[in-house]
Amino acid sequence: MKHRVPSVLVATLLVSSSIIGLATAQPPRPGTETNGLTENESATLWSRDSDRYVSQQDYQQQYGDDRTALHQLANGTDITFTRPPATAATWTRNDFADLDAGGPDTSTYPPHASLEDGTFIDDAHATIFAVTPSTRGHLDAGETPLYIAPNGTVRGLVDYRVRVPTGTETGNRTTDWALVSHEIENIRLKIDGIPVATASGTHTPELQYHTTHSWGANLTLEANISVRLKKTVETTVGGEPETTVNYRTETRTVSDTLDTEIYDLAAYPYYAQYPNGDTGVAIFQSRPWQGYTLTDSETSRVRGVWRFYTARNTNWDTLVTSTGTSTTTEQSDAIPVRVHAYPSQIGPRAEPVRDGPDIIDTWGVDRASPRETIGENVTVEVVNESYTPTYGLAVRAESVDREALRVGGIIRGVNATIVDPQVGSARQLRESNLSVELVSQTTSNATLRVELHDNQTGAPIASNGSDRQYPIGGSSHSSYITVGDQRVETNESGVAIVTLDEPGIYTARYHPGTWLGHEPAYVGDTASVRWHPLGTLEGWVAFVFEVGWQAIPFVVTFYAGRRLLRMFGPTDSDYRNQ
């Protein structure tokens, strides 16, 4: 037997319900539920709680016990994850056991349920409680798909109430009604109208499914409800009663449908070998994915832009119980929890932080921030502006084990099928040779000759974009060379001419295009050159002439001063007479 909320918390909720309402009531206090989770694990579930922080002292006085450090942290903020956690599915599976239906005279349903009424069946519904594993993706302001695994479990609630007509008595005729039987005949789970799982009649079905369907699909929980009533009519004629018995049956089909995306992940890796032995890996996937590991130990890994949090489905915060005469609403004893994926301000990351792989490129179609879809009372570092959703992610690493490559999805337990690259798709990555020579100079400028060649073959490298190819994706810029603040490109002979008008030491640097879009591709190189006007005889002559020309005013001034002193200053005889 579970104790959902202690008496002190019940009192607190009753006082606060007039302010915040049942729909935003606080979730169960960690440690008070036997839901297969530790106190720390259950404390991380509730990203939609109010985060009204309670100090350690007040908490101890209120509940009479202490809480863990993580429980204390979760009380004032929300906990996020780098991988989709298993806690949401564990909680949902165990909490579902607390979901109870009503008897034949009552129907229990969440406020968002789609109710069906018939002649004898009222308030009938089949409502999906949760799909596990699944993740709600927050892609942008207008797109928040529910991703579900190709293999999973759907849990639901099916309920109804039977309306038995009231007996009547008119003259010599009496009519009575009695409920003979009622049942949920069968339950079906359909994906785009195709049955994928069935269950016998139960108010709380759990259906395990498997589908090869991909992309968008309608997930439908469907149930048939049947009732049988006995109608007895007694008529008195001439003092002798005559009894007629008829049976009436009614069957209604109720359903609930979710728009989903079947998350069947396939990843397409490409490789390149650097001259120093490093390996380049680029992986593309056309829907959000978590990241990938490069070694069997999983210590070397890279993550994309996606982070995760868990939050309850507020549609199930309350349950409505209806009878023929009244309707009551109470806090639900069963609360499903779902994983949410969002683009984080932290952005892509590689591990280990210091010695891990280098992220060389990310790409995807830019999207607007989904901040407004996160909802109130959720405090996570979602991006504030447009972002790139890292559908493609390329790294450079010292060690890569292709057999151990693992690509993780944004749904717990769903990893990508690795599609082997086509033969010949591995990129060539070579060393380049950059040289720079001072070919001419004057007192005001200098001319440099920059040459770029393949270090292995000696062939010239043109940086004008003629070698660009884009089967992988990512950056599409051409290679180029910088000399100081000038950006130049080599021609088909691998040569570029650069003119300088300021003396100094100049470094020429080759910025190759990424191997994601070039074949063959190269690593960068640098070369330096010094230029100064005094480096030539003409420069020295010009320097002396310039110095002499600039000194003329000083010479004239000095000479004039000497003449004035002789004319008006004291003479030698003046000094002898003193």
Side-chain angles (χ1 to χ4, degrees), residues 35-38 40-48 70 74 78-96 128-139 144-155 189 191 197 206-215 217 219 258 260-267 283 285 287-293 298 301-313 335-344 346 349 351 374 378 380 382 389-391 393 405-418:
N35 280 86
L37 301 176
T38 66
N40 278 341
E41 289 173 331
S42 61
T44 66
L45 291 173
W46 313 110
S47 288
R48 283 202 176 100
L70 186 58
D78 294 322
I79 307 299
T80 61
F81 305 87
T82 58
R83 305 183 190 183
T87 50
T90 301
W91 173 277
T92 299
R93 180 180 66 252
N94 287 282
D95 218 42
F96 181 66
I128 296 174
F129 180 77
V131 185
T132 56
S134 65
T135 296
R136 175 70 73 181
H138 296 267
L139 306 187
T144 57
L146 176 63
Y147 295 105
I148 66 174
N151 303 294
T153 302
V154 174
R155 295 177 174 86
L189 184 67
I191 292 181
E206 297 185 49
L207 299 103
Q208 296 182 351
Y209 69 89
H210 169 75
T211 181
T212 58
H213 198 98
S214 60
W215 298 100
L219 183 72
L258 291 179
T260 67
E261 291 276 346
I262 309 296
Y263 192 73
D264 187 12
L265 205 61
I283 294 182
Q285 188 9 266
R287 58 180 67 189
W289 52 289
Q290 175 203 346
Y292 54 92
T293 59
E298 298 189 1
R301 57 184 299 111
V302 62
R303 301 195 308 265
V305 73
W306 303 101
R307 298 295 186 275
F308 307 89
Y309 68 89
T310 54
R312 74 189 194 278
N313 184 346
I335 301 176
V337 176
R338 179 180 291 156
V339 177
H340 295 253
Y342 66 96
S344 169
I346 298 174
R349 286 292 183 271
E351 297 176 355
I374 299 296
V378 177
V380 294
V382 62
T390 57
Y391 291 124
L393 193 60
L405 194 66
R406 298 290 182 271
V407 178
I410 63 169
I411 294 181
R412 177 191 57 83
V414 177
N415 296 320
T417 300
I418 306 294

Testing the basics here: between Thr390 and Gly304, what is the closest heavy-atom pair and its distance to 0.1 Å? OG1-CA, 3.7 Å
Is the shortest heavy-atom distance from the side chain of Val380 to the side chain of Arg307 under 4.5 Å? no
The criterion is side-chain hydrogen bond (donor to acceptor under 3.5 Å, both in side chains); which residues satisfy it with Thr132, sequence neighbours excluded? Arg155
Rounded to the nearest 0.5 Å, how far apart are OG1 of Thr310 and CD1 of Ile79? 9.0 Å
Looking only at non-hydrogen atoms, find the nearest pair between Leu189 and Val154 and report the distance. CD2-CG2, 3.7 Å
Side chains of Leu405 and Ile283 in contact at under 4.5 Å (non-hydrogen atoms): yes
Search all heavy atoms of Gly409 against all heavy atoms of Pro84 and return the closest pair with its distance. O-CG, 3.8 Å
For a 4.5 angstrom cut-off between non-hydrogen side-chain atoms, does Phe96 reach Pro336? no
Counting neighbours of CZ on Arg136 that are heavy atoms of other residues, nucleotides or ligands and sit closer than 6.0 Å, is the number greater than 12? yes
When rounded to the nearest 0.5 angstrom, what distance separates CD in Gln208 from OG1 in Thr153? 4.5 Å
How many angstroms lie between atom CZ of Arg312 and atom CG of Asp95, to the nearest 0.5 angstrom? 12.5 Å
Side-chain contact, heavy-atom cut-off 4.5 Å: Val407 with Ile418? yes
Roughly how far, to the nearest 0.5 Å, is the CG atom of Leu37 from the CG atom of Asn94? 7.0 Å
Looking only at heavy atoms, what is the nearest atom pair of Arg287 and Ile262, with distance? NH1-O, 2.6 Å
Which of parallel (below 30°), tilted (30 to 60°) and perpendicular (above 60°) describes Tyr309 and His340? parallel
Gly36 and Thr90: which non-hydrogen atoms are nearest, and at how many Å? O-CG2, 3.9 Å
Carefully, step by step, assess Leu146 and Arg338 under the rule side-chain contact (heavy atoms from CB on, under 4.5 Å). CA-CA 10 Å; Leu146 176 63; Arg338 179 180 291 156; 3.8 Å; yes
pair Phe81-Thr44: side-chain heavy atoms closer than 4.5 Å: yes
Across all chains, not counting sequence neighbours, the side-chain hydrogen bond (donor to acceptor under 3.5 Å, both in side chains) partners of Arg93 are none
To the nearest 0.5 Å, how far apart are OG in Ser134 and CD in Glu261? 13.0 Å
Please evaluate residues Arg406 and Asn415 with respect to the criterion side-chain contact (heavy atoms from CB on, under 4.5 Å), reporting the C-alpha separation (whole Å), side-chain torsions for both, the decisive distance (0.1 Å), and the verdict. CA-CA 7 Å; Arg406 298 290 182 271; Asn415 296 320; 5.6 Å; no
When you compare the side chain of Leu45 with that of Thr87, does any pair of heavy atoms fall below 4.5 Å? yes
Quick check against the 3.5 Å criterion: does Tyr292 have a side-chain atom that pairs as donor or acceptor with the backbone of Leu393? yes
Using modelled atom types only, decide if a donor and an acceptor are shared between the side chain of Ser47 and the backbone of Val378 within a distance under 3.5 Å. no
Interatomic spacing from CZ in Phe129 to CD in Glu206 - rounded to 0.5 Å: 10.0 Å
Does Glu351 form a side-chain contact (heavy atoms from CB on, under 4.5 Å) with Glu298? I'd like the steps, not just the answer. CA-CA 10 Å; Glu351 297 176 355; Glu298 298 189 1; over 6 Å; no
Intermediate values then yes/no, ring-ring contact (aromatic ring centres under 6.0 Å, His included), Tyr147 and Tyr263: CA-CA 6 Å; Tyr147 295 105; Tyr263 192 73; 5.5 Å; yes
Show your working on side-chain contact (heavy atoms from CB on, under 4.5 Å) between Tyr209 and Ile148 and close with a plain yes or no. CA-CA 11 Å; Tyr209 69 89; Ile148 66 174; 3.8 Å; yes
Under a 3.5 Å distance rule, please check whether Thr135 uses its side chain to pair with a backbone N or O of Ile410 as donor and acceptor. yes
Minimum heavy-atom distance between Ala88 and Val339, given as atom pair plus value: CB-CG2, 3.8 Å
Six-ring centre of Trp289, Arg303 cation under 6.0 angstrom, axis tolerance 45°: no
Would you say Arg301 and Arg349 make side-chain contact, with heavy atoms under 4.5 Å? no
